[in-house]
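Below is one structure, written out as structure tokens, with a few remarks after it.
Below, read A as the first sequence line, B as the second, and so on, with proteins coming before strands; counting in each chain starts at 1.
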Amino acid sequence: MLSMNNDAYIDFLETTARRMDLLGENSFRVRAYARAARALEGISSSIDQCIEDGTITDIDGIGEGIATELKGFKENGTTEDFERLKSALPPHIDDLFKVQGLGPKRIRTLWKELGVGSLQELQQAADSGQIATLPGMGKKTVENIQKELERLASYKGRAPIADVIDVAQSMLEALRASPSVQRAEIAGSYRRGRITVGDLDMVAASTDHAATMKVFTTLPAVQEVVGQGDTKATVRLHSGLSCDLRVVDPEVFGATLHHFTGSKDHNIALRARATKRKLRVNEYGVFRINDQGEETERLPVATEEDLYQALDLPFIPPELREDRGEIEAAEKNALPDLPSLQDIRADLHMHTTYSDGRKSIKEMALAAKERGLEFICITEHSQSLHIANGLDRERLLAQIEEIDRVNQEVEGIRILKGLEVDILADGTLDMDDETLSKLDWVIGSVHQWTRQPIDEMTERVLRAVRSGLISALGHPTGRLIGRRNPYEIDLDPVLEACAENGVAVEINASPQRLDLDSSVVRKAKEIKNLWFTINTDAHSIRGLDDMIHGIKTARRGWLPKDRIVNTLSWDAFQKTVRAPGKG
DNA sequence: GCCGTTTTCGGCCCGACTGTTTTCAGTCG
């Protein structure tokens with residue numbers, strides 16, 4: 001059910017679209033393939049299965065033609081048409097799309113006229129001055145290409161969200177502090193809760209555009225102003241990240257924020273819907289249009305809610321705006337009841353000075369209380385994780401006593417006793433059963449011996465899940481975004497076993513992890529009786545604020561809040577979760 | 001190539017900015 005090779009089909013369609021585009025084929029055909037790729041990203045079942053049982057054409061955006069291509073790709077790993085596209089173009093020409101400023105037309109010209117088929121050949125063509133001789137490309141174009149090639153060499157693609165949160169928030173605060181700015185927000189994929197961002201998009205409402213532009217382009221994080229008009233500026237930050245600001249009048253802020261939140265595909269789908277209703281949507285609002293295509297009336301759209309209402313839709317949260325079925329669900333009033341920060345009553349994974357955290361139990365409890373939490377669980381590492389100063393039995397018992405004491409001292413928040421126990425290489429737990437049974441909540445996590453073959457890793461985690469001694473499975477794939485790949489594991493049987501054994505599966509909210517990934521959450525939520533838990537894994541007070549990233553991940557995964565144990569009242573929580581060693 | 005409370009054929013999102021032009025194509029989001 002959780003077939004992971006869906007990506008191969010998506011990549012197949014994307015590559016097809018890109019290459020047809022380069023060859024100058026019908027642009028609507030190109031878009032059909034690109035749209036089909038988006039549609040496949042959004043489905044929660046196995047594409048393999050859908051092709052087999054013929055339900056693939058039920059998916060909006062997939063018709064007979066693309067279904068036949070997919071079937072051919074499934075059976076033979078390629079198709080006649082795909083081979084044609086492959087042999088017609090140099091093998092590495094797709095890399096050229098990474099160069100900002102180059103699109104299908106220019107790449108095609110570069111290839112046709114100069115034989116450029118890779119980044120390396122592009123560099124040579126730029127350095128030799130040949131590019132400046134091409135129509136529509138001059139000295140400035142060459143300079144920009146050279147700059148881009150430099151950037152690409154030092155800065156690889158999209159940035160993990162963890163690397164941009166600080167700079168993004170500080171820029172936002174600086175903008176908001178400016179007297180010329182009425183409102184400001186970060187839009188783009190950052191707002192949609194993606195795990196990486198290609199750039200930062202900011203939107204500001206202002207009555208003095210010039211002043212706001214000035215504030216933005218002179219922020220300390222800015223290294224270079226790349227482009228600037230009356231309403232839009234693009235800057236390059238010291239980190240290499242690109243950042244856009246759009247400045248608009250306050251009364252159109254809602255429409256503009258919506259426009260720059262995207263995704264592009266969501267906006268395209270919405271505008272197609274608008275066209276059917278004789279409406280036009282742009283970043284300045286929603287307009288009624290006559291048969292000549294002229295704007296006759298401007299609908300009052302002060303907020304994003306107004307915008308959706310103008311299109312007869314309920315508000316669609318930013319995290320769902322990917323054109324992966326959210327518009328259809330909204331139409332049927334079937335959007336999930338998603339969690340927000342206010343719904344979260346508990347944080348059930350955090351560390352203190354007992355292992356590798358920086359603050360005491362009491363300090364963490366008080367900070368959690370300040371953030372509105374009703375209960376927390378202290379979950380140190382266990383003994384075999386030497387590098388993190390893991391706890392053995394004696395130290396854990398000592399901590400249990402201290403938690404009892406702190407619970408007496410601190411009012412208004414309850415501290416649970418827990419452990420993040422290592423799942424050892426053979427699937428046994430790094431603490432004896434009797435001691436684990438004294439605890440309220442135990443997270444089982446894999447930290448070591450992570451290079452096991454997939455079958456061994458799957459069996460190992462299954463054994464822990466079936467032990468009857470863990471309440472939750474911590475960061476189930478072990479990935480560190482942009483730094484470490486997930487370990488090899490077959491999550492299908494693991495998640496099924498979690499549901500059968502009353503073990504909650506964690507969405508680790510640390511922006512470096514965000515594990516489970518939202519795409520897995522969206523599939524896993526289909527498993528009956530599977531509970532989820534969103535936790536910060538905080539090692540400091542500041543870490544407690546990471547909860548929002550876990551929530552965004554859950555929201556991107558279409559996860560209803562009533563599937564998340566952290567939203568339960570204390571009473572309901574006790575009845576729901578599995579305490580270690582008890583049924 | 002896909003799709004249809006306008007359509008089974010004829011449409012398919014929209015505007016800002018750049019660099020090259022001399023009125024606009026290409027790219028981006």
Starting from [atom2] on [N], measure out to [atom1] on [X] and report it in whole angstrom.
X      : N      : atom1 : atom2 : result
A/E328 : B/dC3  : CD    : P     : 11 Å
A/F28  : B/dG11 : CZ    : P     : 10 Å
A/E331 : B/dG4  : CD    : P     : 10 Å
A/E64  : B/dC2  : CD    : P     : 8 Å
A/L270 : B/dG29 : CG    : C1'   : 15 Å
A/M20  : B/dG1  : CE    : C1'   : 8 Å
A/D265 : B/dG29 : CG    : P     : 13 Å
A/D323 : B/dC2  : CG    : P     : 15 Å

task: With sequence neighbours left out, write down each residue that passes side-chain contact (heavy atoms from CB on, under 4.5 Å) with A/I548, or none if nothing qualifies.
output: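 Result, side-chain contact (heavy atoms from CB on, under 4.5 Å) vs A/I548: none returned.
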
field: Where protein sits on nucleotides 14-26 of chain B, one letter per nucleotide: B base, S sugar-phosphate only, - none, heavy atoms under 4.0 Å
entry: BSSSSSS-----S

field: salt bridge (Lys or Arg N to Asp or Glu O under 4.0 Å): pairs with one or both residues in residues 12-26 of chain A, sequence neighbours excluded
entry: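 The answer is A/E14-A/R38, A/R18-A/D94, A/R19-A/D94, A/E25-A/R29, A/E25-A/R84.
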
field: Residue pairs involving residues 193-211 of chain A (criterion salt bridge (Lys or Arg N to Asp or Glu O under 4.0 Å); sequence neighbours excluded)
entry: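 Not a single pair qualifies under salt bridge (Lys or Arg N to Asp or Glu O under 4.0 Å).
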
Work out how far the [atom1] atom of [N] is from that of [M], and round it to whole angstrom.
N      : M      : atom1 : result
B/dC17 : B/dG11 : P     : 32 Å
B/dT18 : B/dT22 : C1'   : 16 Å
B/dC3  : B/dT8  : P     : 16 Å
B/dT7  : B/dC12 : P     : 16 Å
B/dC13 : B/dG19 : C1'   : 24 Å
B/dT20 : B/dG26 : C1'   : 10 Å

Categorize [X] for me: base, sugar-phosphate, or nothing, with a 4.0 angstrom heavy-atom threshold over every strand shown.
X      : answer
A/I268 : base
A/D201 : sugar-phosphate
A/V203 : nothing

- request: Output yes when a side-chain donor or acceptor of A/S189 lies under 3.5 Å from a complementary backbone atom of A/R192, and no otherwise.
  value: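 No, the answer is negative, given that no donor and acceptor are paired below the 3.5 Å cut-off.
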
- prompt: Does the A/R555 side chain pair with the main chain of A/E319, one donor and one acceptor, at a distance under 3.5 Å?
  reply: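 A pair under 3.5 Å: no.
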
message: Under a 3.5 Å cut-off for both contacts, is B/dT8 paired Watson-Crick or G-U wobble with anything, and if yes, with which nucleotide?
response: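 Paired with B/dT8, as far as the under-3.5 Å criterion goes, is no nucleotide at all.
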
Of A/Q100 and A/K276, the one whose closest DNA chain B nucleotide lies more 5':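 Result of the comparison: A/K276.
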
field: Anti or syn - B/dT6, cut at 90° from 0
entry: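 B/dT6: anti.
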
query: With sequence neighbours excluded, what pairs up with A/S206 under the side chain to side chain donor-acceptor pair (under 3.5 Å) test?
result: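 A/S206 satisfies side chain to side chain donor-acceptor pair (under 3.5 Å) with A/T212 only.
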
task: Would you mind listing every ring pair (Phe, Tyr, Trp, His ring centres under 6.0 Å) that reaches into residues 81-139 of chain A, with sequence neighbours excluded?
output: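 Residue pairs with at least one partner in residues 81-139 of chain A: A/F12-A/F82.
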
- prompt: Is A/E224 paired with A/K147 through a side-chain N to carboxylate O contact shorter than 4.0 Å?
  reply: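 So A/K147 pairs with A/E224 through a salt bridge.
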
